[in-house]
Amino acid sequence: MGRKIRDLRKLYGLTQSELGGRIGSPSITVRQWEAGKRLPKLQMLCKVADALGVPVSSLLPEQKLVEWDRQKTAAPGCARPGDGRKE
């Protein structure tokens, strides 16, 4: 997941600090995600996807998509992967 965040961030020409500013998180947190030292919580992952202009599903590995499907509710204001709707 961290590699996907990093690749998309770089594709859009954002620094870790700029992405952090867009999602309300310090750059150190973004750095830790990208290094695989931490994983973003669901609501923060939704903010990252919104900031990068991509669906959440593009950031999640296949196993996490299956886990998401099993959940009864997603984070408030976060689109379920692949459907483009807000919860």
Side-chain angles (χ1 to χ4, degrees):
M1 181 182 314
R3 177 171 281 167
K4 291 180 182 184
I5 293 171
R6 183 196 66 209
D7 291 347
L8 285 167
R9 175 183 60 77
K10 288 184 174 187
L11 179 67
Y12 292 110
L14 297 172
T15 65
Q16 291 172 335
S17 183
E18 289 168 333
L19 177 57
R22 288 183 180 196
I23 62 173
S25 188
S27 62
I28 185 79
T29 301
V30 175
R31 191 172 315 124
Q32 290 172 337
W33 294 338
E34 291 182 0
K37 293 181 179 180
R38 293 179 67 186
L39 290 174
K41 293 186 179 181
L42 180 58
Q43 191 152 12
M44 188 57 70
L45 188 62
C46 292
K47 289 181 181 184
V48 171
D50 284 345
L52 296 173
V54 297
V56 173
S57 59
S58 69
L59 300 175
L60 293 172
E62 188 64 35
Q63 179 182 3
K64 292 295 180 187
L65 284 173
V66 170
E67 290 172 17
W68 187 314
D69 276 346
R70 290 182 185 154
Q71 292 179 2
K72 297 291 184 199
T73 59
C78 185
R80 283 189 170 269
D83 73 4
R85 295 177 296 162
K86 298 276 183 177
E87 291 284 305

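We use all heavy atoms of the structure for the numbers below, so side chains are in, but hydrogens, waters and symmetry mates are not. Values in this document were obtained by computation on a predicted structure and should not be read as measured data.
- Between the CG atom in Leu45 and the CD1 atom in Ile5 there is a gap of 6.0 Å [rounded to 0.5 Å].
- Remark: Arg3 engages no residue in a side chain to side chain donor-acceptor pair (under 3.5 Å) (not counting sequence neighbours).
- A side-chain hydrogen bond (donor to acceptor under 3.5 Å, both in side chains) with Glu34 is found for exactly one of Arg9, Lys10, Arg6, namely Arg9.
- Taking the side chain as every heavy atom from C-beta outward, Leu14 and Arg22 approach each other to under 4.5 Å.
- In terms of heavy atoms, Pro55 sits closest to Ala49 at C-CB, 4.1 Å.
- Between Pro40 and Lys47, every side-chain heavy-atom pair lies at or beyond the 4.5 Å cut-off.
- The cluster map of Ile, Leu, Val, Met, Phe, Trp and Tyr, joined by side-chain heavy atoms under 4.5 Å apart, puts Ile28 and Ile23 in different clusters.
- The side-chain heavy atoms of Leu52 and Leu19, taken from C-beta on, include a pair separated by under 4.5 Å.
- For Lys37, the side-chain contact (heavy atoms from CB on, under 4.5 Å) criterion is met by Gln32, Ala35, not counting sequence neighbours.
- Of all heavy-atom pairs between Ser58 and Lys4, the closest is O-CD, 3.3 Å.
- Side-chain contact between Thr29 and Met44: absent, with no pair of heavy atoms (C-beta onward) separated by less than 4.5 Å.
- Qualifying side chain to side chain donor-acceptor pair (under 3.5 Å) partners for Arg31, counting only residues two or more places apart in sequence or in other chains: Gln16.
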